[in-house]
Amino acid sequence: MNANKGPLRDLLTAWTVMTALALTPPALAGTPAGAGAEAGAAAPATTLVFDKNPDDPAESTLSVHRGGKLRAAYRAGSGLGVQDDCARAKGWIPDGDWGIRSRTRTYDGDLIKGYAVRLQDMTCSRGTVTRTEIFLHSETDRDGGEGTSEARRWDGPDDYASHGCVKLNPADIGELFRLLDRIGWPTHLRVVP
């Protein structure tokens with residue numbers, strides 16, 4: 001978790017992850033073939049958590065948990081520095097459980113290309129705006145490689161900014177996909193304050 005948040009925030013994040021694990025039905029855990037689950041035994045759930053950093057939204061954390069154990073943590077950002085989750089195309093992603101609609105390594109949208117996890121639409125905290133077209137993604141070409149234009153090329157810390165999506169650097173999103181392919185994909189992304 002983020003070291004600058006203090007022990008209370010770490011404890012709250014751990015409690016949130018454990019609650020998510022306890023409430024996730026085993027049938028939704030989705031263990032892929034060869035993931036090591038014993039026949040007839042419920043596989044441990046994989047949980048994906050985006051822990052927003054109010055001090056600097058571009059230095060938030062995306063973590064992967066399996067069976068209650070932290071498997072990986074990545075720096076991630078959301079928004080353009082605006083903490084209002086109702087500010088469309090500027091504010092960070094609203095808190096809550098975002099269903100995962102789809103995932104691909106070769107997304108070819110107008111703005112997003114390459115590795116992408118599309119999330120369900122969700123209403124913001126005040127209920128005034130439905131946030132749509134929210135993804136977990138990076139800045140790459142359609143094949144996941146580095147492009148030449150600024151929108152397709154990772155230039156550094158400023159590239160963690162987004163229009164509300166959760167954004168990782170290209171190496172981390174590739175590693176995330178490989179890890180989740182191996183241990184099992186979650187059914188949702190939990191966003192915590």
Side-chain angles (χ1 to χ4, degrees), residues 1-2 4-6 8-25 28 30 45-65 73-104 107-140 151 157-169 172-173 176-177 180 185-193:
M1 306 302 150
N2 291 336
N4 62 343
K5 290 186 179 182
L8 181 57
R9 284 194 54 84
D10 289 345
L11 182 61
L12 289 172
T13 300
W15 179 83
T16 301
V17 170
M18 294 308 293
T19 301
L21 291 173
L23 297 176
T24 302
L28 296 178
T46 300
T47 306
L48 197 56
V49 178
F50 180 63
D51 187 8
K52 299 191 291 191
N53 180 356
D55 295 330
D56 186 351
E59 287 197 31
S60 297
T61 303
L62 180 73
S63 57
V64 178
H65 305 263
Y74 308 99
R75 178 180 173 183
S78 178
L80 299 173
V82 176
Q83 294 180 18
D84 178 2
D85 67 345
C86 293
R88 188 185 307 274
K90 291 185 273 186
W92 62 5
I93 188 171
D95 297 346
D97 290 331
W98 291 73
I100 293 177
R101 291 173 58 178
S102 63
R103 63 183 186 268
T104 181
Y107 193 78
D108 196 18
D110 292 336
L111 299 175
I112 298 168
K113 301 209 182 272
Y115 288 83
V117 176
R118 186 170 185 178
L119 304 174
Q120 72 182 39
D121 297 344
M122 184 181 284
T123 304
C124 70
S125 60
R126 293 189 306 278
T128 57
V129 173
T130 298
R131 300 296 299 272
T132 62
E133 301 295 319
I134 300 292
F135 289 80
L136 192 146
H137 70 94
S138 189
E139 287 187 4
T140 64
D158 289 343
D159 285 333
Y160 285 102
S162 73
H163 295 286
C165 294
V166 175
K167 204 165 172 193
L168 292 92
N169 77 41
D172 286 349
I173 199 164
L176 174 70
F177 266 67
L180 293 177
W185 278 83
T187 59
H188 65 278
L189 166 68
R190 171 146 303 172
V191 178
V192 296

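What you see is a predicted model; the values in this text were computed from it and never measured.
- In this model, no donor atom of one side chain and acceptor atom of the other lie less than 3.5 Å apart for Asn53 and Asp56.
- When the ring pair (Phe, Tyr, Trp, His ring centres under 6.0 Å) test is applied to Phe50, no partner is found at least two apart in sequence or on another chain.
- Considering only heavy atoms from C-beta on, Ser102 stays 4.5 Å or farther from Phe135 through its side chain.
- Between atom CD1 of residue Ile93 and atom CG of residue Leu119 there is a gap of 5.5 Å, rounded to the nearest 0.5 Å.
- Listed by chain and residue number, nothing satisfies the side chain to side chain donor-acceptor pair (under 3.5 Å) test with Thr123 (two or more places apart in sequence, or in another chain).
- Under the salt bridge (Lys or Arg N to Asp or Glu O under 4.0 Å) criterion, the residue pairs touching residues 76-89 are Asp84-Arg126, with sequence neighbours excluded.
- Of the charged side-chain nitrogens involved, at least one lies within less than 4.0 Å of a carboxylate oxygen, so that Arg118 and Glu133 count as a salt-bridged pair.
- Scanning both residues, Cys86 and Ser125, for their nearest heavy atoms gives SG-N, 3.9 Å.
- In this structure a side-chain-to-backbone donor-acceptor pair under 3.5 Å is present from Lys167 to Ala161.
- Taking CD of Gln83 as the reference point, atom CG of Asp55 lies at 8.0 Å (rounded to 0.5 Å).
- Across Ala89 and His163, no two heavy atoms sit closer than the pair O-ND1, 2.9 Å.
- Taking OH of Tyr160 as the start and OG of Ser78 as the end, the distance is 13.5 Å to the nearest 0.5 Å.
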### Verdict with reasoning, Trp185 to Phe177, per ring-ring contact (aromatic ring centres under 6.0 Å, His included)
CA-CA 9 Å; Trp185 278 83; Phe177 266 67; 5.1 Å; yes
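- Contact of the Thr47 side chain with the Pro186 side chain is not registered, since no non-hydrogen atoms from C-beta on lie closer than 4.5 Å.
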### Task
Would you sort out whether Leu136 and Leu48 count as a side-chain contact (heavy atoms from CB on, under 4.5 Å), showing the intermediate values?
CA-CA 11 Å; Leu136 192 146; Leu48 197 56; 4.3 Å; yes
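- For Asp97 against His188, the heavy-atom pair with the smallest separation is OD1-CD2, 3.6 Å.
- Residues Ser138 and Asn169 approach most closely at OG-C, 3.3 Å, considering heavy atoms.
- Not one N or O on the side chain of Trp98 forms a donor-acceptor pair closer than 3.5 Å with the backbone of Gln120.
- Thr140 and Lys113 get closest at one heavy-atom pair: OG1-O, 3.1 Å.
- Checked by atom type and distance alone, the side chain of Lys52 never pairs as donor or acceptor with a backbone atom of Val191 at under 3.5 Å.
- Taken to the nearest 0.5 Å, the NE2 atom of His137 stands 9.5 Å off from the CG atom of Leu168.
- Minimum heavy-atom separation, Thr61 to Ala73: CG2-CB, 4.0 Å.
- For the atom pair CG (Leu80) and OG (Ser162), the distance works out to 6.5 Å, reported to the nearest 0.5 Å.
- Atom CG in Leu62 sits 13.5 Å away from atom CZ in Arg75 (nearest 0.5 Å).
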